[in-house]
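Every heavy atom of this structure was used, including side-chain atoms; hydrogens, water molecules and symmetry mates were not. We count ligands from 1, going down the list as the structure has it; atoms in each ligand are counted the same way.
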Amino acid sequence: MKRLAALVFFALSVAVLAQQSPEAPSGFDNKSNGVVDDATHLADQGVFEGVEQVKDGLGPLYNAQSCRECHQTPTSGGGSQVTELRVGHPGPHGGFQNPEIPIAHGTEIITGRSLVNDRAICPNAAFPTTEIQERVPDSETIQATRLSFSLLGDGFVEAVADQTLIELAREQCRKSHQEICGQVVQVPIVEAPGQLGVGRFGWKDQHASLLSFSGDAYLNEMGITSRLFPTEVTLLCNTASEPNDTPGPDGLGDVDRFARFVRATKAPARDAELAATPQALQGAKLFDKIGCNVCHVSALTTAPAGTKINGGTFTIPEALGAKTFHPYSDFLLHDVGTGDGTVQAMQEHYGRNMYQIWKNLNVNSFASSQNRMRTAPLWGVRLRPRLMHDGASYTFRDAIMRHRGEAYRDAHRFERLSNREQEALVEFLKSL
Ligand code: HEC
Ligand code: HEC
């Protein structure tokens, strides 16, 4: 009787929760999820797609001219095949040390970052002998490439309460008897000096805030300085005045509009036709049964509208508050045997004077992420022909079989499924 009562109570509370938390809108229609009106969203998309030139401050070192170059498919804000190069070398006790990359015939050494930019604006007509292209020195033996993410629906991810992720990590560890324990990393909120939040963006969970990430990407991918990241990586060949990104008449810089664009995107929609097939439905059940959903969590709910996040600098709007969405990720770091050996570089992601500002930062927690990666969110994974952080797996089966470490048992359980069951599970992944 007691058990029945508990079950009824559980069913009721699930029903109440579902009622309280409507589904986040999904789709690839370039329409706003409600954070702004459609016209504003389209204008923000235009800024996200803007192609920067040298006169705008592009470079001196950079990877691409526009956010859209790497975040594009099937629509602006999606992912792409573009990978980035990160290197470093082992330090004492095997830890990761940032690389030292000489440019301009060794007259300048780039430090404080792990990223190696693939492009540079000079030598050019104005600076015909200034050789600044970064190249990997032989000393940098830890080498990794990392694939671009889709940003669609990331506003919902940002709006998940820190506590939700902390509890998720605790529960998952408890339930799996310490076998699967996602790592939570507290990271600086760049727009709120001194404040921390639970990291959830990037392959190493290096950011909690989309505004922080936008400033980081604008500098490190495109070489555009902003109020959040005012210092160029190098001043060689630099001609534009700093910061390159200045606020428009409405007081918003490009970085603010990038963040607003991403916050207003809808979540990736599923392939409804495929999702409804008996095979994909069976695959969904198997996915849960063999424990894939312990890390690839199928549903999360955002904090209520009005909640202040990002060190108090952002208030969750109605459109993002108390919404349920389906990312198939816990946004935690795990060692599944694919760790790339890198650790996020502090200055690169949080700014040059970060050590003065974030005195309470636990740098050790960063070091222990060396062989961990964020659980890749599987929403929209059907639109991504290259899989895993390095893009080196081309089939779902290969991606699954690469899971070792914390996910060893799950990969093994997949291996032991019958052929038909394996196919059903893959069919389910193709519908996400
Ligand atoms: C050269 C390619 C490239 C360009 C250009 C680029 N990005 Fe990215 N972006 C990436 C890669 C690669 C990642 C994964 C980074 C990592 O963790 O190493 C990423 C990750 C992100 C994330 C985190 C998404 C998530 O779900 O974790 C955000 C947000 C983002 N980029 C925003 C931007 C914005 C805004 C711009 C333009 C200012 C931009 N990016 C330009 C390649 C790019
Ligand atoms: C312990 C946590 C964990 C478990 C359990 C787990 N995964 Fe993963 N999964 C990850 C992590 C972490 C990555 C990213 C690894 C990388 O890129 O190096 C990932 C990546 C993936 C990818 C690649 C996605 C992409 O966008 O590149 C697929 C597909 C995938 N997992 C499917 C599965 C399936 C199916 C199962 C069950 C058999 C499973 N995973 C179990 C943590 C887990």
Is it true that S80 lies under 4.0 Å from ligand 1, counting heavy atoms only? no
Kindly assign one of parallel, tilted or perpendicular to the pair F366 and Y350, based on the angle between their ring planes and the thresholds 30° and 60°. perpendicular
Using heavy atoms and a threshold below 4.0 Å, how should the contact between L387 and ligand 2 be classified: side chain, backbone, both, or neither? both
Should the ring pair Y328 and F428 be called parallel, tilted or perpendicular, given that the plane angle runs from 0 to 90° and is split at 30 and 60? perpendicular
Run through the protein N/O/S atoms less than 2.8 Å from atom 8 (Fe) of ligand 2 and write them out by chain and number. H296 NE2, H403 NE2
Quick check on contacts: which atoms of ligand 1 are under 4.0 angstrom from a heavy atom of L151? 21 (C), 22 (C), 24 (C), 28 (C), 29 (C), 30 (C), 31 (N), 32 (C)
Which protein non-hydrogen atom lies closest to atom 17 (O) of ligand 2, naming both residue and atom, and how far is it? H389 N, 2.6 Å
Is there a heavy atom in L147 that sits closer than 4.0 Å to ligand 2? no
Atom 27 (O) of ligand 2 - nearest protein heavy atom and its distance: M388 N, 2.5 Å
How about F414 and H403: are their ring centres within less than 6.0 Å of each other? no
Centroid-centroid under 6.0 Å between H207 and F213 rings: yes
If hydrogens are left out, which of R119, E158, H71, M373 has an atom nearest to atom 19 (C) of ligand 1, that is, the closest non-hydrogen atom? H71
Would you mind telling me if ligand 2 is within reach of the side chain of I290, the backbone, both or neither, using heavy atoms under 4.0 Å? side chain
Tell me which part of F258 gets within contact of ligand 1: side chain, backbone, both or neither, using heavy atoms under 4.0 Å. side chain
Can a cation-pi geometry be assigned to R263 and F314, taking NZ or CZ under 6.0 Å from the six-membered ring centre and within 45° of the ring axis? yes
Which one holds for L425 and ligand 2: side chain close, backbone close, both close, or neither close, with close meaning a heavy atom under 4.0 Å? side chain
Checking side-chain contact (heavy atoms from CB on, under 4.5 Å) between I400 and each of T395, L387, L429, which is the one that passes? L429
To which of F213, F149, Y218 does the heavy atom nearest atom 21 (C) of ligand 1 belong? F213
Correct closest heavy-atom pair for E52 and M222 would be CG-CE, 3.5 Å
Below 4.0 Å, non-hydrogen atoms only: which portion of R384 touches ligand 2? Side chain, backbone, both or neither. side chain
Which protein heavy atom lies closest to atom 15 (C) of ligand 2, and at what distance to 0.1 Å? T338 OG1, 3.6 Å
What is the closest protein heavy atom to atom 14 (C) of ligand 2, and at what distance does it sit? R374 O, 3.7 Å
